[in-house]
Amino acid sequence: RIGALRASRRNAEQVLEAGGVLLITPGGDLEALRSFRSRNRLELGGKTAFVELALRHGVPVLPVVNVGAHEVYFTLFSSTALAKYSGLERLTRVKTVPLNLGLPWGLWFTGFLPYLPLPAKVSFMVAEPVHFPKHDELAANMDAIQLNFARIAATMQGMLDELASRRRLPVIG
């Protein structure tokens, strides 16, 4: 009803076949819940399906990054083992459980609790689209997928580095 679909290859294929547009966050919760000290380091978790989809359907990829969003609270660490052994991965599909520091809870586990965000300055950067031809053979070629994934990830990390270098202080920019 609100235009969101559960993340799945089948749903992505249907949207692209219908001529729709997708917003894919390949890093997912690993990216969103990374630690404060890793806030300016890209974490896509090796998820390459977006490159395969782009090649299979001949659609562009538009890299977008931001700095500052990881400063609305502080993630002290994030644990994939805790997600697995606590059962949260199986129950909720989250791949990591963070230990956060912020308002109003002080210290808390998981990204599920509502919180009062710090007034952090968030800056975005959008790169030029990376165009892909419609090419089923390349979409099935893992070397081509990995090469294009690495190229996009390097572009995004460069963008993050540039945005981070413009900041003087965390939270206030």
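Counting from 1, the numbers follow the sequence of the chain as shown.
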What's the separation between atom OG1 in Thr110 and atom CG in Asp29, rounded to the nearest 0.5 Å?
11.5 Å
Say you draw a straight line from CG of Asn141 to CD1 of Ile145; how long is it, rounded to the nearest 0.5 Å?
7.0 Å
Show which residues join Tyr115 in its hydrophobic cluster (side-chain heavy-atom contacts under 4.5 Å, direct or indirect), or state none.
Leu33, Val72, Tyr73, Trp105, Trp108, Leu113
Taking Leu160 as the starting point, is it possible to reach Leu62 by hopping between hydrophobic residues whose side chains are less than 4.5 Å apart?
no
What residues form a side chain to side chain contact (heavy atoms under 4.5 Å, CB included) with Phe109, not counting sequence neighbours?
Phe77, Leu82, Val97, Leu99
Tell me, please, which residues at least two apart from Glu162 pass salt bridge (charged side-chain N to carboxylate O under 4.0 Å, His left out).
Arg166
Connected via hydrophobic side-chain network under 4.5 Å: Met159 and Phe149
yes
Any residue meeting side chain to side chain contact (heavy atoms under 4.5 Å, CB included) with Ala81, in chain and number order, not counting sequence neighbours
Ser79, Tyr85
Under a single-linkage definition using a 4.5 Å side-chain heavy-atom cutoff for Ile, Leu, Val, Met, Phe, Trp and Tyr, are Ile24 and Ile152 assigned to the same hydrophobic cluster?
yes
Is the closest side-chain heavy-atom distance between Asp161 and Asn40 below 4.5 Å?
no
Can you list every pair that meets side chain to side chain donor-acceptor pair (under 3.5 Å) and has a residue in residues 92-104, with sequence neighbours left out?
Thr75-Asn100, Ser78-Thr96
Cluster overlap Val61 with Val15, hydrophobic side-chain contacts below 4.5 Å
yes
Look at the side-chain heavy atoms of Ile, Leu, Val, Met, Phe, Trp and Tyr, link any pair under 4.5 Å apart, and say whether Val64 and Leu22 land in one connected group.
no
Any chance the side chains of Glu17 and His57 put a donor and an acceptor closer than 3.5 Å?
no
Pro114 and Pro104 have their tightest heavy-atom pair at O-CD, 4.3 Å
Shortest non-hydrogen contact from Asn66 toward Leu163:
CA-CD1, 4.3 Å
Going by the rule side-chain hydrogen bond (donor to acceptor under 3.5 Å, both in side chains), which residues pair with Arg37 if we only count those two or more places apart in sequence or in a different chain?
none
Here the pair of heavy atoms bringing Phe36 nearest to Glu71 is CE1-CG, 3.7 Å
Hey, does the side chain of Thr25 reach the backbone of Gly27 with a donor-acceptor pair shorter than 3.5 angstrom?
no
Residues two or more places apart in sequence or in another chain: which of them pass side chain to side chain contact (heavy atoms under 4.5 Å, CB included) with Arg41?
Ser38, Gln157
Distance-only donor-acceptor pairs under 3.5 Å for side chains of residues 44-55, two or more places apart:
{"unit_1": "Glu52", "atom_1": "OE1", "unit_2": "Arg9", "atom_2": "NH1", "d": "3.4"}
{"unit_1": "Glu52", "atom_1": "OE2", "unit_2": "Arg9", "atom_2": "NH1", "d": "3.3"}
{"unit_1": "Glu52", "atom_1": "OE2", "unit_2": "Arg56", "atom_2": "NH2", "d": "2.9"}

Is it the case that the side chain of Asn148 and the backbone of Ala144 share a donor-acceptor pair, with hydrogens and angles ignored and the cut-off at 3.5 Å?
yes
For Glu31, check salt bridge (charged side-chain N to carboxylate O under 4.0 Å, His left out) against everything at least two apart and list the hits.
Arg34
Do other residues, nucleotides or ligands put more than 12 heavy atoms under 6.0 Å from the CG atom of Leu23?
no
With Ser8 via side chain to side chain contact (heavy atoms under 4.5 Å, CB included) - residues at least two apart:
Arg10, Asn11
Once salt bridge (charged side-chain N to carboxylate O under 4.0 Å, His left out) is applied, do any residues pair with Arg90, and if so which ones, sequence neighbours excluded?
none
Atom pairs and distances, donor-acceptor, side-chain atoms in residues 121-134, under 3.5 Å, two or more places apart:
none

